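Note that this is a predicted model, so its numbers are computed, not measured. First listed ligand is number 1; within each ligand, the first listed atom is number 1.
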Amino acid sequence: MILQITEVKIRKMKMRMKEPFSTSFGTMQDKHFMLLEVHDEMGNIGWGESVAFDAPWYTEETVETSLHMLRDFLIPLLLGEKIEHPDQVGSLFSPIRGNNMAKAAIECAVWDLYAKRNRISLAEALGGQRQRIEVGISIGIQKDFNQLVEKIQHYLDEGYKRIKVKVKPGADIDVLRRLRDVFPEVPLMADANSAYSLADIDLLKQLDEFSLLMIEQPLAHDDIIDHAILQKQLKTPICLDESIHSLEDARKAIELGSTKVINVKIGRVGGLSEAKRIHDYCMEKGVPVWCGGMLEAGIGRAHNIALTSLPNFIFPGDTAGSSRYWEKDIIEPEVVVEDGYITVPTAPGIGFTPDLDAIEKFTTDLWPFREE
Ligand code: OSB
Ligand code: MG
């Protein structure tokens, strides 16, 4: 079946999270992002969500750079095109270097549209096999240790199956040691968001005391060399996040020994097709992956859930329930976590219905694009 892209809409969105989220690079509470609608000639609509933040502290992309890429480059390349399979979107976008989050937002919408048009779930379209996925939670840096313990206990009580804490210089070894005293058995990991360098190697070696599942992105956001040097001296598996933008990055990092686990984020790698290629490659190499999060609203969350139904998503991901972030999410039903699992929807496409009233409420700008 061939579908034609007849219309694309960009909505700029603003939603406030229930609580601020703090990492080694700063704190955020207001979430600005874009929703993408892609229409076909039959009136079907696919939805995508951009994950770039306001400022370029995670990768170089921002809401405004994504908007520029979408309006001036990506949408013109896609409008009017006939698509047999979403894997083609990557080739249409190949004249544009980088800007993976902008590419992913619209590619994800095409995947949703493709699945809806074929009356299958997005999970099925991707080759997913799980009916439900295991869920972990990423907890931001807290004011003090007691608050962190309280938060962790709260999410364990809710059933979350893996705890990730954020670390930074000055809030690392000591915090982890005290956490292990309180929670000796909990599946625990730490994410440094690139806060260290090889000069910190003696400190990083102390991580091995805490039987962490892994240490996520300890070194520079654009490094795969120093991580290989570090991994040789560390028992704790390194998991790369920021450093992986493509299948080629994943291959090089694995061949160099820079990473033993990969955090796959759809936005960071430019879309679901590349995310699936990384998944397939890692599976072949015996390298487990898991799905990272970008504090998504419901549409982005739904894409993460479908991806996580693939078999080599071995560790619980960061895709928590809607209520962990939002008073009111933008999909119906919201994403719920039960006993630490999310049920993968079976309805066509992302399998959640966009809540148009909620979406309208959080929309600050809207741009429609049609073929001239
Ligand atoms: O490094 O995984 C990260 C949030 C924002 C930016 C980067 C990261 C994170 C998280 C939270 O860890 C994941 C989530 O709950 O969506
Ligand atoms: Mg991370």
Side-chain angles (χ1 to χ4, degrees), residues 15 17-33 49-63 100-101 104 133-142 148 151-152 154-155 158 160-168 172 188-196 212-223 227 237-245 253 259 261-269 275 289-305 307-308 315-326 329 335 337 342:
M15 287 172 75
M17 293 190 292
K18 281 182 177 172
E19 290 178 355
F21 190 84
S22 297
T23 68
S24 62
F25 45 60
T27 299
M28 64 179 279
Q29 184 160 16
D30 282 322
K31 168 95 179 161
H32 298 256
F33 61 100
E49 178 175 327
S50 71
V51 298
F53 297 122
D54 259 353
W57 36 248
Y58 170 75
T59 62
E60 72 285 0
E61 291 183 84
T62 68
V63 174
N100 282 353
M101 291 177 180
I133 60 169
E134 279 192 311
V135 196
I137 189 130
S138 171
I139 300 177
I141 293 170
Q142 303 294 312
L148 179 59
K151 279 263 153 68
I152 292 175
H154 170 78
Y155 290 119
E158 283 196 359
Y160 285 93
K161 291 186 177 291
R162 181 230 61 189
I163 301 293
K164 164 168 140 183
V165 295
K166 296 285 187 178
V167 291
K168 65 176 182 183
D172 42 39
L188 181 68
M189 58 180 287
D191 185 357
N193 289 110
S194 304
Y196 300 90
L212 301 179
L213 293 171
M214 64 195 88
I215 172 73
E216 185 175 340
Q217 196 74 33
L219 308 180
H221 71 97
D222 54 357
D223 170 77
H227 280 101
I238 292 176
C239 169
L240 288 180
D241 173 355
E242 281 90 332
S243 297
I244 305 296
H245 300 267
T259 194
V261 184
I262 289 181
N263 168 339
V264 179
K265 287 186 185 171
I266 302 167
R268 198 187 62 237
V269 305
V289 306
W290 56 277
C291 184
M294 291 288 281
L295 310 168
E296 288 93 344
I299 303 289
R301 204 157 290 284
H303 286 275
N304 287 342
I305 292 166
L307 179 67
T308 306
F315 292 101
D318 280 347
T319 305
S322 298
S323 68
R324 177 259 162 37
Y325 309 85
W326 314 111
D329 205 342
V335 175
V337 174
I342 294 172

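In this structure, Q217 contributes its side chain and A220 its backbone to a donor-acceptor pair below 3.5 Å. Panel note: side chain R301, backbone A320; a donor-acceptor pair is recorded below 3.5 Å. A donor-acceptor distance shorter than 3.5 angstrom exists from the side chain of E61 to the backbone of M101, with no hydrogens or angles considered.
For ligand 1, the atoms closer than 4.0 angstrom to any heavy atom of Y325 are 14 (C), 15 (O), 16 (O). Within ligand 1, the atoms closer than 4.0 Å to a non-hydrogen atom of N193 are 1 (O), 3 (C), numbered from 1 in the order shown. Those atoms of ligand 1 with a heavy atom of D318 less than 4.0 angstrom away are 12 (O), 13 (C), 14 (C), 15 (O). Ligand 1 places these atoms under 4.0 Å from at least one heavy atom of S138: 10 (C), 11 (C), 12 (O). Applying the 4.0 Å criterion to heavy atoms of Y58 picks out, from ligand 1, the atoms 7 (C). Residue K166 approaches ligand 1 through these ligand atoms, each under 4.0 Å from one of its heavy atoms: 1 (O), 2 (O), 3 (C), 8 (C), 9 (C), 10 (C), 12 (O).
A distance of 5.0 Å separates OG of S323 from NZ of K18, quoted to the nearest 0.5 Å.
Under 4.0 Å from ligand 1, the heavy atoms of D241 that appear belong solely to its side chain. Within the 4.0 Å heavy-atom criterion, the part of D191 lying near ligand 1 is the side chain and not the backbone. Residue contacts with ligand 1 for Q217 are absent, since no atom lies close enough (heavy atoms, distance under 4.0 Å).
None of the N, O or S atoms belonging to E242 lies under 2.8 Å away from the Mg ion (ligand 2).
Using a 4.0 Å cut-off between a side-chain N of Lys or Arg and a carboxylate O of Asp or Glu, K151 and E19 qualify as a salt bridge. The pair K31-D54 does not count as a salt bridge, with every side-chain nitrogen at least 4.0 angstrom from each carboxylate oxygen.
Annotation: K164 places an N or O atom under 3.5 Å from an N or O atom of ligand 1; distance criterion only.
Residues F315 and W290 place their aromatic rings such that the two centres sit no closer than 6.0 Å.
Looking only at N/O/S atoms, D191 comes nearest to the Mg ion (ligand 2) through OD2. Shortest distance from the Mg ion (ligand 2) to E216 is reached at OE2 (N/O/S atoms only). Looking only at N/O/S atoms, D241 comes nearest to the Mg ion (ligand 2) through OD2.
Ranking the protein heavy atoms by distance from atom 4 (C) of ligand 1 puts F21 CE2, 3.7 Å first. For atom 13 (C) of ligand 1, the nearest non-hydrogen atom of the protein is G293 O, 3.4 Å. For atom 16 (O) of ligand 1, the nearest protein heavy atom (residue, atom name, distance) is L295 N, 2.8 Å.
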| query | Which is it for D318 and R162 under the side chain to side chain contact (heavy atoms under 4.5 Å, CB included) test, yes or no, and what are the steps along the way? | reply | CA-CA 9 Å; D318 280 347; R162 181 230 61 189; 2.5 Å; yes

| task | Given side chain to side chain contact (heavy atoms under 4.5 Å, CB included), test M28 with L295 step by step and report yes or no. | result | CA-CA 10 Å; M28 64 179 279; L295 310 168; 3.8 Å; yes

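Counting only non-hydrogen atoms, the option in F53, W57, F25 that gets closest to atom 5 (C) of ligand 1 is F53. Closest heavy-atom approach to atom 2 (O) of ligand 1 within the set K265, E296, R268: this belongs to K265.
Y58 and F25 have perpendicular rings, their planes meeting at more than 60° on a 0 to 90° scale where under 30° would count as parallel.
Annotation for H221: atom NE2 does not count as buried by contact number, only 12 or fewer foreign heavy atoms lying within 6.0 Å.
Side-chain N/O atoms of T59 and E242 include no donor and acceptor closer than 3.5 Å.
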